[in-house]
Q: 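Quick one: this structure, given as structure tokens, is what I'll be asking you about.
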Amino acid sequence: MNVTAYPHLFSPVRIGEHVLPNRIVHASTSTHYCADGRVTDRLIDYYINRARGGASLLVSEPMAMLPWQTLPTRPQVLSGINRDALARWADAVAREGGLMLGQVQDNGRGFRAGFRNLGARGASPLPDDLSWTVPEELTTAEVHDMIGAFVESCVKLAEAGFAGVEISAGHGHLFHQFLAARSNRRSDEFGGDLAGRTRLLRQLMNGIREACGSGFIIGAKLPAWDGMTDGIDETEAERITALLHADRVMDYLTYCWGSHSDTLYTHLPDNHGPRMPYVDAICRLGRTAAPDVPLGALGLITDPNEGERIVREGLADLVMLARPLVTDPAWAVKAREGREAEIRYCVSCNTCWGMITSGRGLLCDNNPRVGSADEADWQPGAAAARRRVVVVGAGIAGMEAAWVAAARGHEVHVFGASDDPGGKTRLHAILPGGEGLSSIYDYQLLAARRHGARLHLGRHANEADILALSPDVVILATGSTPSWPAFLPDTWREEGLIPDLREAVRALSAYPGHNSGVAVIWDEDHSAFTYDAAEFLAGRFDQVVILTPRERIASDESLVVRQGVYQRLYRKNVRIVTSVRPLPEPRIEQGEVAYANIFSGATDEVTDVSFLTYATARLPDDALAAPLQAAGVDVRTIGDCKAPRIVLTATAEGYHAAMNL
């Protein structure tokens with residue numbers, strides 16, 4: 001077994017009284033795979049596969065450890081309804097070589113749903129900085145009762161075979177609210193100076209240690225920076241760490257960023273910023289305030305080389321991965337065995353966060369099989385009968401179908417209009433923050449070639465081309481085209497005067513340089529591509545103006561993505577005009593685009609316009625479907641060709657189409 005490439009990442013480390021065989025930790029992420037608070041087989045399978053894939057320590061999603069924690073998506077601990085299931089969960093992970101930890105957390109007043117949490121409890125009756133929820137203040141007695149319930153729940157986890165817990169004290173949740181002066185105005189023993197504001201955590205940690213024993217792991221995730229006045233910055237975080245470390249209870253330590261505020265997006269860094277943005281600060285904080293406590297690094301770590309460097313250079317002792325292990329549960333095994341090219345890499349798009357917070361459960365753009373029983377290091381089984389399959393379209397939907405079908409033993413031919421696969425995702429990958437998307441089609445291309453799919457690229461396939469291959473099945477993955485804006489004359493479309501945003505990006509990327517004047521984007525799309533393209537245009541024009549009929553932009557993106565969009569566009573002086581419609585036949589030759597507010601009718605205009613483009617609702621490019629069906633061919637449409645949606649549906653439908661052959 002080849003471990004020479006990453007000897008530090010795969011070296012043992014002591015955490016409390018346990019020795020882990022490697023440094024890879026599954027960081028807590030919610031799956032929402034529970035049903036009415038009950039642990040399901042799918043939930044257990046999710047963690048089994050991450051342990052089977054090589055993670056040595058696995059932290060669960062937040063667990064229900066308090067009487068008022070009744071969300072159906074949280075695994076119930078205190079109630080006792082999962083006693084047998086928790087034992088089965090811990091044992092299943094242990095049999096795969098992992099140690100299972102439960103996460104201790106309560107949201108308090110923190111709420112990200114866009115409206116108030118009417119049942120919130122918190123440190124003080126002060127509004128949440130995101131939802132403006134004002135919680136019911138916990139009395140002193142209730143705080144002591146809460147500590148007791150947490151400790152009782154930890155005992156139940158220990159009895160079930162869990163190796164320990166991680167206390168999540170950041171992200172603007174309840175413990176964070178007690179720690180920060182901004183949210184804690186208490187005058188009892190749990191408020192006042194920093195000693196008082198840390199008392200809740202200290203009593204909790206000591207209570208768990210006393211009740212569960214020295215062999216029970218107690219990890220802590222502390223806030224490093226929340227970006228708020230009277231909140232927590234690195235100086236305050238260092239003081240908090242030192243006070244907690246004085247009791248010598250923590251078995252490992254890590255930090256997190258952001259809060260329930262306009263900084264929420266910072267807790268899930270994406271590719272618009274630097275790689276591993278928090279590692280140096282985590283090292284500085286942990287090594288200074290708690291130098292003898294094993295330290296975990298987290299935040300946009302996706303590649304084994306990054307993990308190796310972190311451990312080799314002493315920046316941290318543990319490499320904590322959430323999104324990368326969602327995308328590929330066998331990340332560790334593949335790295336250890338020198339199979340890095342087979343890793344499905346996280347694209348850091350935060351679709352997973354959007355799926356979780358919208359109630360749909362954990363899903364992934366680059367892993368259509370999240371939560372499957374045999375997920376780790378999966379390869380498709382052989383089909384019952386070999387068929388000739390023609391895939392038309394080499395975007396990510398078509399390429400997913402192609403490699404899976406080829407791996408199942410089918411004869412697969414792929415037609416792609418471009419010289420390289422990836423479709424519009426490849427175009428997005430050249431935009432600011434989009435480069436991670438390349439890992440989707442890079443993986444698919446390698447897998448398709450490895451399994452013998454035949455690629456016919458740089459070729460617009462017509463009906464005759466397809467029928468000449470005598471296919472048993474045709475999978476149409478031909479994508480979609482932005483619709484022509486209603487305010488523009490049809491003659492302009494025929495003359496090709498106004499490009500859609502995709503065409504604009506292609507053209508301008510081929511001719512670098514600055515253009516004078518204002519670029520206007522008419523936005524009826526509201527996807528990440530539009531705003532990454534707006535950033536791109538902001539570097540090519542004096543100014544960019546986005547006009548949209550909705551009351552905000554990025555409506556189709558999750559909150560953490562939308563916050564990042566606003567932050568970047570405003571910093572680049574992009575002007576955002578909402579709730580408007582352009583007036584018919586804009587006077588482009590005069591450098592003007594006039595518009596009216598859709599509610600009041602009030603008009604205004606953008607002047608000095610030198611470029612106009614549009615991102616509109618997309619229409620399926622499914623023209624080949626009818627003639628092929630008329631010729632008696634079994635035709636199946638997937639991705640945007642079926643109905644224009646998102647990356648998640650493209651890869652999922654490609655996978656399912658191939659598995660259903």
Q: Is the distance from the ring center of H26 to that of Y46 below 6.0 Å?
A: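 Yes, the ring centres sit under 6.0 Å apart.
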
Q: Nearest 0.5 Å, please: how far is OG in S558 from CZ in R112?
A: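 These two atoms lie 10.5 Å from each other.
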
Q: Taking the basic N atoms (NZ, or NE/NH1/NH2) and the acidic carboxylate oxygens, is any pair closer than 4.0 Å for D328 and R369?
A: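 The answer is no: the pair does not qualify as a salt bridge.
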
Q: Look up atom CG in D270 and atom CG in D532, then write down how far apart they are to the nearest 0.5 Å.
A: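 Here the rounded value is 8.5 Å.
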
Q: Distance alone, cut at 3.5 Å: any donor-acceptor contact between the side chains of D262 and Q563?
A: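 No donor-acceptor contact under 3.5 Å links the two side chains.
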
Q: Any chance the rings of F175 and F150 have centres within less than 6.0 Å?
A: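 Here the rings of F150 and F175 have centres that are less than 6.0 Å from each other.
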
Q: May I ask you to decide if M65's main-chain N or O and Q69's side chain share a donor-acceptor pair within less than 3.5 Å?
A: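 Pair found, side chain donor or acceptor close to backbone of M65.
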
Q: Is V104 close to C154 at the side-chain level, that is, under 4.5 Å between some pair of heavy atoms?
A: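 Yes, close enough: below the 4.5 Å cut-off.
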
Q: Hey, are H260 and N107 close enough side-chain-wise for a donor-acceptor pair under 3.5 Å?
A: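 There is no such pair (donor and acceptor under 3.5 Å, judged by atom type) between the side chains of N107 and H260.
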
Q: Give, for atom CG of L179 and atom CD1 of I240, the distance between the pair rounded to the nearest 0.5 Å.
A: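 Atom-to-atom, L179:CG and I240:CD1 are 4.5 Å apart.
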
Q: Could you report the tightest heavy-atom contact between V279 and L298, atom names first, then the distance?
A: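 Smallest interatomic distance, heavy atoms only, reads CG2-O, 4.5 Å.
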
Q: Assess, by modelled atom type and distance only, whether the side chains of Q103 and S60 contain a donor and an acceptor separated by less than 3.5 Å.
A: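 Side chains of Q103 and S60: no pair found under 3.5 Å.
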
Q: Can you tell me if R23 uses its side chain to pair, donor with acceptor, with the backbone of P12 under 3.5 Å?
A: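 Yes, because the side chain of R23 sits within donor-acceptor range (under 3.5 Å) of the backbone of P12.
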
Q: Has the side chain of R309 got a donor or acceptor atom that lies under 3.5 Å from a matching backbone atom of N305?
A: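 The answer is no, because no donor-acceptor pair under 3.5 Å joins these two groups.
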
Q: Is there a donor-acceptor pair closer than 3.5 Å between any side-chain N or O of T651 and the backbone N or O of D365?
A: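 Checking the backbone N and O of D365 against the side chain of T651, a donor-acceptor pair under 3.5 Å is found.
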
Q: Do I553 and L569 have side chains that get closer than 4.5 Å, going by heavy atoms?
A: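 SC-SC contact between I553 and L569 confirmed.
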
Q: Does this structure show an ion pair linking D377 with R52, if we count only N-O contacts that are shorter than 4.0 Å?
A: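 No.
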
Q: Any side-chain donor paired with an acceptor under 3.5 Å for S439 and D442?
A: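 Per modelled atom types, S439 and D442 side chains form no pair under 3.5 Å.
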
Q: For the backbone of G258 and the side chain of H267, can you confirm whether one donor and one acceptor N or O come within less than 3.5 Å of each other?
A: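 No: the side chain of H267 does not pair with the backbone of G258.
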
Q: Can you find a heavy atom in the side chain of P324 that is under 4.5 Å from one in the side chain of Y345?
A: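 No, side chains not in contact.
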
Q: In sequence, state the C-alpha distance, the side-chain angles, and the governing distance for R14 and D317, and then conclude on salt bridge (Lys or Arg N to Asp or Glu O under 4.0 Å).
A: CA-CA 9 Å; R14 177 173 291 277; D317 307 289; over 6 Å; no

Q: With a 3.5 Å distance limit and no angle check, can you tell me whether Y33 reaches the backbone of L362 through a side-chain donor-acceptor pair?
A: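 Looks like yes, one N/O pair under 3.5 Å.
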
Q: Between atom CE of M320 and atom SG of C256, what is the distance when rounded to the nearest 0.5 Å?
A: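 One gets 10.5 Å once the value is rounded to the nearest 0.5 Å.
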
Q: May I ask you to check whether over 12 heavy atoms, not counting those of R449, lie within 6.0 Å of atom CZ?
A: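 Atom CZ in R449 is not packed in, count stays at 12 or less.
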
Q: Checking side-chain polar atoms at under 3.5 Å, does D525 have a donor or acceptor matched by the opposite partner on T530?
A: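 Result is yes, a qualifying pair exists.
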
Q: Under the 3.5 angstrom rule, does the side chain of Y255 hit a backbone N or O of A237 as a donor-acceptor pair?
A: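 Judged by distance alone, no pair lies under 3.5 Å.
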
Q: Using a strict cut-off of less than 4.0 Å between a Lys/Arg side-chain nitrogen and an Asp/Glu carboxylate oxygen, indicate whether R275 and E306 qualify as a salt bridge.
A: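 Yes, this pair counts.
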
Q: Under a 4.0 Å threshold between the charged nitrogen and the carboxylate oxygen, would R284 count as salt-bridged to D280?
A: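 Looking at R284 together with D280, the answer is no, because their closest N to O distance does not fall below 4.0 Å.
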
Q: Does E400 pair with R344 as a salt bridge, N-O distance under 4.0 Å?
A: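 Salt bridge present between E400 and R344.
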
Q: Is it true that R42 and T40 share a donor-acceptor pair across their side chains at a distance under 3.5 Å?
A: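 No, R42 and T40 have no side-chain donor paired with an acceptor closer than 3.5 Å.
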
Q: Measure up the H173 and H171 rings against each other and bin them: parallel (under 30°), tilted (30 to 60°), perpendicular (over 60°).
A: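 If you compare the ring of H173 with that of H171, the planes turn out perpendicular.
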
Q: With distance as the sole test, does D233 use its side chain to make a donor-acceptor pair with the main-chain N or O of E236 at under 3.5 Å?
A: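 Checking the backbone N and O of E236 against the side chain of D233, a donor-acceptor pair under 3.5 Å is found.
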
Q: Quick one about R426 and S438 (side-chain donor to acceptor, distance below 3.5 Å, no hydrogens or angles considered), yes or no?
A: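 Side-chain D/A pair, S438 to R426: absent.
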
Q: Report the C-alpha separation of F162 and W89 in whole Å, then their side-chain angles, then the decisive distance to 0.1 Å, and conclude whether the ring pair (Phe, Tyr, Trp, His ring centres under 6.0 Å) test is met.
A: CA-CA 9 Å; F162 275 63; W89 179 358; 5.4 Å; yes

Q: Is it true that K334 and E340 have a side-chain N and a carboxylate O under 4.0 angstrom from each other?
A: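 Looking at K334 and E340, the cut-off is not met.
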
Q: Do NZ/NE/NH1/NH2 and the carboxylate oxygens of D640 and R618 come within less than 4.0 Å?
A: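 Yes, this pair counts.
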
Q: May I ask you to decide if D226's main-chain N or O and T263's side chain share a donor-acceptor pair within less than 3.5 Å?
A: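 Yes: the side chain of T263 pairs with the backbone of D226.
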
Q: Does the side chain to side chain contact (heavy atoms under 4.5 Å, CB included) test come out yes or no for T254 and L318, once each step is laid out?
A: CA-CA 9 Å; T254 189; L318 302 169; over 6 Å; no

Q: When you check the side-chain N and O atoms of E375 and N367, is any donor under 3.5 Å from an acceptor?
A: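 There is such a pair between these side chains.
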
Q: Would E535 and H272 satisfy side chain to side chain contact (heavy atoms under 4.5 Å, CB included), going step by step from the backbone distance to the final call?
A: CA-CA 10 Å; E535 284 191 66; H272 286 90; 3.3 Å; yes

Q: S527 and D556: side-chain donor and acceptor closer than 3.5 Å?
A: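 No.
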
Q: Measure the spacing between CZ of R287 and OG1 of T241 and express it to the nearest 0.5 Å.
A: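 So the gap between those two atoms works out to 13.0 Å.
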
Q: Quick one, T29 with L325, criterion side chain to side chain contact (heavy atoms under 4.5 Å, CB included). Give me CA distance, side-chain angles, the key distance, then yes/no.
A: CA-CA 10 Å; T29 190; L325 296 187; over 6 Å; no

Q: Hey, could you give me the CD/SG distance between Q76 and C34, rounded to the nearest 0.5 Å?
A: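 The distance works out to 8.5 Å.
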
Q: Run the salt-bridge test on E96 and R50 with the 4.0 Å N-O cut-off and return the result as yes or no.
A: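 A salt bridge is absent here (no side-chain N lies under 4.0 Å from a carboxylate O).
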
Q: Taking the six-membered ring where the residue is Trp, are the ring centres of Y443 and W403 under 6.0 Å apart?
A: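 Between W403 and Y443, which both carry aromatic rings, the centre distance is below 6.0 Å.
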
Q: Are D41 and R88 within salt-bridge range, i.e. N to O under 4.0 Å?
A: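 A salt bridge links D41 with R88.
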
Q: State, without any angle test, whether Y531 and E557 hold a side-chain donor-acceptor pair at a distance under 3.5 Å.
A: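 Distance-only check fails for Y531 and E557.
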
